[in-house]
Engineer: 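If you scroll down you'll find the structure; I have some questions about it.
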Protein chains: 2
Amino acid sequence: MISPTEENYLKALFALSQNKDGVTANELSKHLDIKMPTVNSMMKRLADKGLVNYESYKPFSLSVEGKRRAALIIRKHRLTEMFLVQKMGFEWDEVHPIAEQIEHIQSDIFFEKMDFLLGYPHTDPHGSPIPSLEGELPIIINKKLSDCIVGQEVTFNAVSNSSPEFLKFLKDKKMALGLSFTIVNIEDYDGSVDIKIQDLPKVTLSKIVSDKILVV
Amino acid sequence: MISPTEENYLKALFALSQNKDGVTANELSKHLDIKMPTVNSMMKRLADKGLVNYESYKPFSLSVEGKRRAALIIRKHRLTEMFLVQKMGFEWDEVHPIAEQIEHIQSDIFFEKMDFLLGYPHTDPHGSPIPSLEGELPIIINKKLSDCIVGQEVTFNAVSNSSPEFLKFLKDKKMALGLSFTIVNIEDYDGSVDIKIQDLPKVTLSKIVSDKILVV
DNA sequence: AATATTTGTTAGATTAGTCTAACTTATTGT
DNA sequence: ACAATAAGTTAGACTAATCTAACAAATATT
Ligand SMILES: [Mn+2]
Ligand SMILES: [Mn+2]
Ligand SMILES: [Mn+2]
Ligand SMILES: [Mn+2]
C-alpha cells in the first residue's frame with residue numbers, strides 16, 4: 001500500500017520532471033516545503049518500493065511504475081477539480097485544496113462515477129490534460145501567450161499556474177478558457193501584450209500574466 | 001487540530017453512547033478493532049484535548065465539545081452518503097466505506113455545497129438523521145418492526161444496521177425506505193413477521209430482519 | 001471469603017513522517 | 001587549483017498511532 005504522504009511525493013516528482021530528466025533533492029524540498037533530510041529518506045523508501053530510482057548524490061527520477069502511479073493520482077486530482085466545478089458549482093480558483101485531499105480517496109468506483117457523470121473529460125478546469133486510466137498523459141500542444149506574435153488569433157486553452165490569486169485575477173478580467181482573441185500589440189520594453197476580444201475595448205496583460213496563459 | 005484517526009474515535013464513542021451513559025474500553029476496542037492499550041492512550045489524549053472525560057477504571061464519555069465534534073463528523077458522513085446516492089448514482093449498500101473517508105475532508109464549503117445541492121436533507125440514505133451545523137442530532141421516533149402488532153399499517157423509515165449484506169438483502173426484496181405496508185401476521189414461535197404491500201403476495205421477514213427495520 | 005476471570009493500565013517496542021545538527025560530496029568563483 | 005558555498009547524507013530526536021507483554025483493579029464464580 002501507498003500512503004497519502006507517499007502519493008504527494010510521487011505527484012511532486014512527476015510535476016517537477018516535466019521537460020527534464022531528474023529532480024534534485026533541493027527542488028523537491030523547496031516545492032513540498034519539507035526539509036531535505038526528510039525528502040531524502042522518503043526517496044529511499046520509495047526506491048525500496050520500486051517507485052523511484054535513487055543513486056547517491058544524483059537527481060531522483062520516477063520508475064516506470066512510479067510514473068504510472070503518479071499519473072493516476074493526477075488523474076484523480078483533475079477529475080475531482082472538474083467535478084467540483086461542473087457538478088458542484090465551485091469556481092476554478094476554489095477547487096485545488098479540496099482536490100488535494102480527495103485525490104487520496106481509495107475507491108475506484110468513486111472516480112469512475114465522476115468520470116462518467118462528467119462525460120469522460122480530457123482536461124481539468126485549468127486546461128490541464130487528464131491522464132488515462134492506464135496512466136498515460138496526452139501531450140497537448142499549447143504555447144505561451146508571451147511567445148505569440150502580433151496579428152495572431154488564438155484561443156485561451158490552459159493556464160500553466162493554478163494559484164488561487166492568478167485564477168481569481170483572470171476571473172475578474174473575464175478571461176475564461178475557450179475565449180478567442182487577437183493579439184494587437186506586444187510592447188518591446190516590458191513584454192506586455194494587448195489583446196482584443198471581438199469589438200470590446202482592448203485589454204493589456206503584463207508579461208507575468210501572458211507567461212502563464214497557454215493558447216492554441 | 002484533530003486528526004482523521006481521532007475523528008474516528010470520537011465518532012465511535014458517540015455511536016456507542018446512544019441510550020447509555022459511558023463506553024467501556026472493551027466495547028470501544030472491539031468496535032474499532034484496535035487493542036485496549038491503544039484505545040486507552042487515545043482516550044487520555046482526547047481527554048487532554050478536552051473532548052473526552054477520562055477517569056481511571058471508569059467508562060469513557062464525550063465532553064460537550066467532544067459530542068459536538070462527533071456530531072459534525074457524523075453530519076459530514078451522512079451528507080456524503082446522501083450525495084453519493086442522490087447525485088452520483090450509487091446504491092445505498094455501496095456508500096459507507098467511501099463516506100468513511102470523505103467525512104475527514106477539511107473544507108466547510110465542500111459540505112455546504114453538498115447540503116445545498118441535496119436541498120438540505122434531514123436523513124441519510126438509511127433513514128438516519130443528519131445532525132445540524134450546530135451539532136444537534138434530532139431524535140426520530142421510529143420503532144422496530146419486530147415491536148409492532150398485527151393489523152398496523154406502517155411506513156419503512158430507517159434501518160438500524162447498515163451492513164452491505166443487510167442492505168443488499170433488502171434491495172433484492174425490493175424493500176426501500178418510504179414503502180408502506182400492513183402487518184398481517186407475527187409468528188409466536190420464531191417471531192417472523194408477514195407483511196403485505198398493497199395487493200402483492202405477502203412477504204415473510206425473519207426476526208433477525210424485522211429487528212433491524214425501523215418504521216412509523 | 002477466596003479464587004478465577006475479565007477488564008483496564010503501564011511499560012516498552014515499532015513504523016511513518018517530520019525535524020535539527022553535523023558531516024560529506026559536489027559545484028562555483030577566484 | 002583551491003577555497004568557499006551549495007547540495008546531499010547520516011545521526012539522532014520527536015510525535016502519532018499502533019502493537020505485545022506484564023501487571024493491577026474490578027467483577028464474577030464457587
Ligand atoms: Mn489542481
Ligand atoms: Mn494531495
Ligand atoms: Mn454510513
Ligand atoms: Mn472515517
Side-chain angles (χ1 to χ4, degrees), chain A residues 1-14 16-17 20-63 66 69-70 73 100-101 103-106, chain B residues 1-14 16-17 20-63 66 69-70 73 100-101 103-106:
Chain A
M1 252 309 81
I2 179 164
S3 72
T5 305
E6 291 170 324
E7 290 191 337
N8 286 335
Y9 278 91
L10 289 184
K11 217 166 46 117
L13 233 20
F14 190 97
L16 294 174
S17 38
K20 249 190 301 155
D21 41 337
V23 180
T24 67
N26 216 241
E27 275 180 290
L28 241 192
S29 169
K30 278 170 186 152
H31 185 257
L32 291 170
D33 194 22
I34 285 175
K35 294 290 178 291
M36 266 207 283
T38 307
V39 167
N40 208 262
S41 60
M42 181 57 90
M43 288 304 104
K44 283 181 169 177
R45 185 131 63 86
L46 292 174
D48 283 346
K49 296 192 177 185
L51 303 173
V52 162
N53 305 123
Y54 180 94
E55 282 177 272
S56 273
Y57 297 101
K58 294 247 176 70
F60 317 123
S61 63
L62 287 167
S63 71
R69 298 288 196 95
I73 302 157
E100 201 56 53
Q101 298 177 65
E103 67 189 1
H104 307 292
I105 299 292
Q106 290 185 22
Chain B
M1 250 313 79
I2 179 166
S3 72
T5 306
E6 290 171 326
E7 290 191 338
N8 286 335
Y9 278 91
L10 289 183
K11 217 165 46 117
L13 233 20
F14 190 98
L16 293 173
S17 38
K20 248 189 304 153
D21 41 336
V23 181
T24 66
N26 217 243
E27 275 180 290
L28 242 193
S29 169
K30 279 171 185 150
H31 184 256
L32 292 171
D33 194 24
I34 284 175
K35 295 288 176 294
M36 265 208 282
T38 307
V39 166
N40 209 263
S41 59
M42 181 58 90
M43 288 304 105
K44 284 181 168 177
R45 183 131 64 86
L46 292 174
D48 283 346
K49 295 192 179 187
L51 303 173
V52 161
N53 305 124
Y54 180 94
E55 281 178 273
S56 273
Y57 297 101
K58 295 245 175 72
F60 318 122
S61 63
L62 286 166
S63 70
R69 299 287 197 96
I73 303 158
E100 201 56 54
Q101 299 177 65
E103 68 190 359
H104 306 293
I105 298 292
Q106 291 186 22

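Every chain is numbered from 1 and lettered A, B, ... according to where its sequence line falls, protein lines coming before strand lines. Bear in mind the structure is a predicted one, so any value in this text is a computation, not a measurement.
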Engineer: For a quick test of reading the model: is some side-chain N or O of B:S3 closer than 4.0 Å to OP1 or OP2 of D:dA17?
Structural biologist: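 Yes.
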Engineer: When the nearest nucleotide of DNA chain C is assigned to A:M36 and to A:Y57 on a heavy-atom basis, which residue is associated with the more 5' position?
Structural biologist: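 It is A:M36 whose nearest nucleotide is closer to the 5' end.
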Engineer: Could you give the NE2-to-C1' distance, from A:H104 to C:dG17, as a whole number of Å?
Structural biologist: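 The distance from NE2 of A:H104 to C1' of C:dG17 comes to 14 Å, rounded to the nearest Å.
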Engineer: Quick check: on DNA chain C, is the nucleotide nearest A:D33 upstream (toward 5') of the one nearest A:S56, or the reverse? Name the residue that is more 5'.
Structural biologist: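 So the residue in question is A:D33.
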Engineer: Is the NZ atom of B:K20 crowded by more than 12 outside heavy atoms at less than 6.0 Å?
Structural biologist: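 More than 12 heavy atoms, drawn from other residues, nucleotides or ligands, come within 6.0 Å of this atom.
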Engineer: In Å and rounded to the nearest 0.5 Å, what is the NE2 to NZ distance from A:H104 to A:K11?
Structural biologist: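 Going from NE2 on A:H104 over to NZ on A:K11, the span is 6.0 Å.
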Engineer: Does the side chain of A:Y9 get closer than 4.0 angstrom to OP1 or OP2 of C:dT18 through an N or O atom?
Structural biologist: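 Indeed, a polar side-chain atom of A:Y9 lies that close.
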Engineer: In whole angstrom, give the distance that lies between atom CE of B:M42 and atom P of C:dG8.
Structural biologist: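 That distance rounds to 18 Å.
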Engineer: Are the side chain of B:S29 and the backbone of B:I34 linked by a donor-acceptor contact shorter than 3.5 Å?
Structural biologist: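 At least one qualifying donor-acceptor pair exists.
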Engineer: Please compare A:T24 and B:T38 by the position of their nearest nucleotide in DNA chain D and report the one closer to 5'.
Structural biologist: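 With A:T24 and B:T38 compared, the 5'-side residue is A:T24.
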Engineer: Can you check whether A:S41 has a side-chain N or O nearer than 4.0 Å to OP1 or OP2 of C:dT18?
Structural biologist: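 The answer is no; no side-chain N or O of A:S41 sits under 4.0 Å from OP1 or OP2.
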Engineer: I'd like to know if the side chain of B:Q101 reaches the main chain of A:Q106, judged simply by a donor and an acceptor atom lying under 3.5 Å from each other, with no hydrogens or angles considered.
Structural biologist: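 Present.
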Engineer: NA contact type, B:K44, heavy-atom cut-off 4.0 Å: base, sugar-phosphate, or nothing?
Structural biologist: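 Counting heavy atoms under 4.0 Å across all strands, the contact made by B:K44 is with sugar-phosphate only.
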Engineer: Rounded to whole angstrom units, what separation is found between the NZ atom of A:K35 and the P atom of C:dC19?
Structural biologist: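 So the NZ-P distance, A:K35 to C:dC19, works out to 6 Å.
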